[in-house]
Amino acid sequence: MNLKSAAAIGAIALLTAVLTLHRLGAGDVCTGNEAVEGVFVQQMVEHGHLLFPVENGIAPMYKPPLFHWTAVAIDRLAAVRKVTAANLRLPSALYAVAGAVLTMLFAFEFFGIDAAVLAGLALAASYQYVSQGRYGRVDMTLCFFESLALFAFLWWMPRDAVSSGPAARFESSLPAPYLMAAAIGLGVLAKGPVGAILPGVSIVIFMFAERRERQILTMLDPGAIILGGAIASSWYLACYFGGRFAFLDRQLDSENVGRFFGSLGAMAPWYYLKPVLLNSAPLSLIVPVAAVYALLTPLLTRRHSDSTSPPGRGRDALRSAGEGNRSPTPCDSDRARSAVRLFAIFYFATVVFFSIAAYKRRSYLLPVWPAAAVMLAWWMVTVPPLAWRRAATRAFAALCAGLVVFNFVYIPRMEVRSCRDDSFRPAAEEIARVAAPADPLYLYGFQEEIAPLLFYLDRDAPVLQGRLGDAPPGFIIVPAAVWETHQRDALDLEPVLTSDHGNRRLILLKRGKSYASR
């Protein structure tokens, strides 16, 4: 890689960092999905519960802890001891930047600098990629390691589709099989078995589609298998041998099997039609077209070559003659075409897998974006005729530049606006000035996700059941509407604070005469 190429990749990496880090903590933590991970990160960073943190003293983790451990590592390096909205989201931002760099380096090696630049711009222009890179959840962590697994496999894959011995392996100074195994294991630690299922199934389908099935067994490396299995199972084994069966039950039963089969709810099979097409429009409208083209390219090339080339010429000559008015590029090589076919299979496998699953979320599609960005770049430098190719790539780059500006301006403002009237932060700050850390604090009557309130309270607050009048001594937080309904049944509870901010109207009640004071 020359200095000019390195500078181009570095500039886009810096651009991605600006997009993900700019005003990262400006918006409050309002959604339950983000806040609940924030509560677990608080338990790790502020209280040292690195293996088995719980929410509000009772609820085990919803996801494996790789994202949370990353947050802890960053905070330890920065000597940070308090979790905020900004450092909760920082791991996702860093994984997003690292994913963009990884994608560009892969595209550079397989397709050349033009495709590398376009792939990086496509990620920076993707609304879903940038917005999820600013969100304190595990999805960007999974996205990075699933992408790394696919890239490492392609680095490792034999160049020759018919050879099956050790000599067929692609020579590389990088220990690619171990990198792939580690990436799959870390993907499992990011979000469970799906981190291994989707890359693994896609690779197996690809090997059969490429008629490389004989290479599957010869490519298996016992050391790599052991490494990947050890990483993937490490935390689950710690739960088992530590007797933390509630963690295993939530992870493997509720969050994986139960979520797939509908114990947490179900959406229609066509739920993903709109997200697939519009999550990063207009780029997301082009991705399915590029993916279909990637799958059909071997057939189209073969038909074109068979009909236009003279008999007796070799395969390379056939390809060269069959390109018509297009000049050969690194993107026209068999290696490049194999790469985009794998990415297309991964794209469709991910969409189909989650469409079959009962429970669905838009963020489940995030891991396809690095592969999709490479497909888009390959499509732009391959499909247009030579006379139009430069104009097409410039138009695509200009489109991405406009989307980058939109993401830079709109996403931070949207994050702030969406929480402006729906944040628990002001109420939690007021409550903390009245109820000292040593005072008993409880919640009563909440019909919504309480993790955002717990995050800003930064302490446990057990949920009371039964009659409000039977509450134990201490402070009790209740929604104003609940207090209006139950105050006649709890005449000995004293309202000591009314917090009214946006859509949040909370009452802080007190039972008892004296508590610890600040």
Side-chain angles (χ1 to χ4, degrees), residues 1-16 95-124 143-161 168-184 199 202-203 206-207 210 212 215 219 224 290-291 294 297-298 316 319 327-347 367-382 389 393 396-397:
M1 182 185 296
N2 58 34
L3 183 60
K4 184 178 179 180
S5 298
I9 291 175
I12 298 176
L14 179 60
L15 175 64
T16 307
Y95 276 120
V97 176
V101 172
L102 178 69
T103 301
M104 288 187 286
L105 291 176
F106 175 86
F108 175 79
E109 180 179 344
F110 273 66
F111 305 98
I113 187 58
D114 290 345
V117 169
L118 292 179
L121 284 175
L123 284 181
C143 175
F144 176 83
F145 286 109
E146 284 194 350
S147 301
L148 178 59
L150 295 175
F151 295 160
F153 170 77
L154 290 167
W155 280 320
W156 178 38
M157 185 184 69
R159 287 182 179 271
D160 190 347
R169 298 190 179 186
F170 172 61
E171 295 181 1
S172 173
S173 60
L174 185 72
Y178 290 87
L179 180 62
M180 173 185 166
I184 288 177
S202 301
I203 289 170
F206 165 80
M207 293 294 279
E210 290 273 294
R212 294 173 176 265
Q215 295 175 348
M219 289 181 68
T297 292
D316 290 339
R319 184 184 307 113
S327 61
T329 71
C331 296
D332 293 321
S333 68
D334 284 342
R335 188 181 180 212
R337 288 172 175 153
S338 292
V340 293
R341 284 196 291 274
L342 174 59
F343 296 154
I345 290 170
F346 176 69
Y347 173 83
V368 307
W369 266 107
V374 176
M375 282 194 297
L376 285 174
W378 165 83
W379 195 60
M380 293 307 304
V381 300
T382 302
R389 191 174 300 167
T393 55
F396 183 79

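Rounding to the nearest 0.5 angstrom, the gap separating the CG atom in L118 from the CH2 atom in W378 is 14.0 Å. Taken from CZ in F396 to CG in L121, the straight-line distance is 7.5 Å, to the nearest 0.5 Å. Considering OG1 of T382 and CZ of F111, their distance stands at 8.0 Å, rounded to 0.5 Å. Atom CE of M375 sits about 9.0 Å away from atom CH2 of W369, to the nearest 0.5 Å. Between the CZ atom in R335 and the CZ atom in F110 there is a gap of 3.5 Å [rounded to 0.5 Å]. To the nearest 0.5 Å, atom OG of residue S5 and atom CG of residue D114 are 9.0 Å apart.
Residues I203 and L150 are in side-chain contact: their nearest non-hydrogen atoms beyond the backbone lie under 4.5 Å apart. The side-chain heavy atoms of M157 and L342, taken from C-beta on, include no pair separated by under 4.5 Å. In this structure, the side chains of F206 and S338 come closer than 4.5 Å at one or more pairs of heavy atoms. Considering only heavy atoms from C-beta on, I9 comes within 4.5 Å of M1 through its side chain.
Annotation for A107 and A119: closest pair CB-CB, 4.4 Å, computed over non-hydrogen atoms. Summarising the geometry of F346 relative to P199, their closest heavy-atom pair is CE1-N, 4.2 Å, with the distance given to 0.1 Å. In this structure, A373 and A122 approach most closely via the heavy-atom pair CB-CB, 4.0 Å. Closest approach of A13 and V97 over heavy atoms only: O-CG1, 4.0 Å. Of all non-hydrogen atoms in R389 and M380, the two that sit nearest each other are CG-O, 4.1 Å. The two atoms that bring L376 and A290 nearest to each other are CD2-CB, 4.4 Å, heavy atoms only.
The aromatic ring centres of F343 and F151 sit less than 6.0 Å apart.
Residues passing the ring pair (Phe, Tyr, Trp, His ring centres under 6.0 Å) test with F144, sequence neighbours excluded: Y95.
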